[in-house]
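Report on the structure given below.
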Amino acid sequence: MHYLLILGANTLLALCFVFQKKYQSIAGTSVKATLTFNAFAGLATLVIFTLLGLCGVYTMQFSPFSLVMATAATVICLSYMVIGFKLLRAGNMPLYTMFLMTGGMLIPYIFGLGFLDEEFSWLRLGGIILIVAAVVISNTGTANATKTQILMCVAVFLLNGLMSVTSKVHQADISTHFSPVNSESFILIMSIVKIVFCFPVAFILTKKANESMKSCVNKNTLLLFILTAASDSGSYYLQLIGAKSIDAGVLYPLVTAGSIIFSAVAGMIAFRERPPRNQWIAMTVCLAGTCMFIR
């Protein structure tokens, strides 16, 4: 059952990758486009959860602890996305991806061992090493980066790791005396935080640049907002459920490995991309590392 949750999360994550890439091809990768995307995706999440009866604004649970954790997770996510887009403009997509993915895996793994008394396993450590190797292999050929860009990559590494830790802490047993909300309400609170923060800032940036919102919000992007909200919130929802019973040292490495494999497959199907040899090698190594977590 646990592995089915991870499989579903990775599948939805790959779909989210497709929808985000399509949006970027229409609206670009500016900060304004990023914030607008998150604002409307957050709004779409509210609508979807309400229509499906999962949770609504008037029925969701609330606690100060969950609000703080949801706000922290949202701010962390937006921060590494803004930094990431600056790296993308410099043509350092491989470097950004490598630091993003390894941070989201290694930091919660170490946190789980050090603070959640999770079980250490030499086999799983070997799997971690193989997955890290797969990330490095898949991103070979990166152009030389400046010191500033390297520092930005380190920031992305730490921020994505903190994002995973924040989610795990909210779901872990150690948080029960803080009255955490359920997974549906936590996602809804994050969506509200996105809306409250992103809409005003995107509006200010648009006015400051004397631009129109039509480049980011039109009939082509509205559907992408909805599809992204459904896939992204669905994936995160399954990860939150998994975080209640799956060790951080297992959950996040498997999500990282799955994102490598599933995103590559999604790219081949949706964009007819032909992965180079290093990508095929990386997926093979990643698959081997993933198998070391399954028991």
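Computed from a prediction, not measured in an experiment: that's the story for all the values here. Note that the numbering runs from 1 along the sequence shown for the chain.
When all heavy atoms of I189 and A70 are compared, the pair lying nearest together is CG2-CB, 3.5 Å. When all heavy atoms are compared, the tightest approach of G42 to I195 is C-CD1, 3.8 Å. Scanning both residues, Y252 and S167, for their nearest heavy atoms gives OH-CB, 3.9 Å. Among all heavy-atom pairs drawn from E184 and Y237, the shortest one is OE2-OH, 2.9 Å. Between P108 and G103 the shortest heavy-atom distance is CD-O, 3.6 Å. Heavy-atom minimum distance, P253 versus V250: CD-O, 3.5 Å.
Not a single donor-acceptor pair under 3.5 Å links the side chain of T74 to the backbone N or O of V193.
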Using the rule given for side chain to side chain contact (heavy atoms under 4.5 Å, CB included), can you reason through Y236 versus I187, listing the C-alpha separation, both sets of side-chain angles and the distance that settles it, and then say yes or no? CA-CA 8 Å; Y236 193 53; I187 292 175; 3.9 Å; yes

Under the criterion side chain to side chain contact (heavy atoms under 4.5 Å, CB included), I'd like the reasoning laid out for L78 against C198: C-alpha separation, chi angles, the key distance, then a yes or no. CA-CA 9 Å; L78 291 173; C198 293; 3.8 Å; yes

Mind running side chain to side chain contact (heavy atoms under 4.5 Å, CB included) on K168 and L116 for me, showing each step along the way? CA-CA 10 Å; K168 179 63 181 179; L116 301 179; 3.8 Å; yes

After noting the C-alpha distance and the side-chain angles of I128 and M292, does the key distance pass the side chain to side chain contact (heavy atoms under 4.5 Å, CB included) rule? CA-CA 9 Å; I128 286 277; M292 298 173 77; over 6 Å; no

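At least one side-chain heavy atom of Y109 sits less than 4.5 Å from a side-chain heavy atom of L125. By the 4.5 Å heavy-atom criterion applied to side chains, M163 and L159 are not counted as neighbours. Using a 4.5 Å heavy-atom threshold, the side chains of I226 and L222 count as separate. Side-chain atoms of H170 and F65, non-hydrogen and from C-beta on, do get closer than 4.5 Å to each other. You'll find the side chain of T221 reaches within 4.5 Å of the side chain of N218, heavy atoms only.
Evaluation of the side-chain contact (heavy atoms from CB on, under 4.5 Å) rule for T36 yields Y23, K32, F40, A202, M213, C216, V217 as partners, not counting sequence neighbours. Every residue two or more places apart in sequence or in another chain was checked for a side-chain contact (heavy atoms from CB on, under 4.5 Å) with V68, and none qualifies.
The local environment of CZ in F199 is crowded, with over 12 non-hydrogen atoms from other residues, nucleotides or ligands closer than 6.0 Å.
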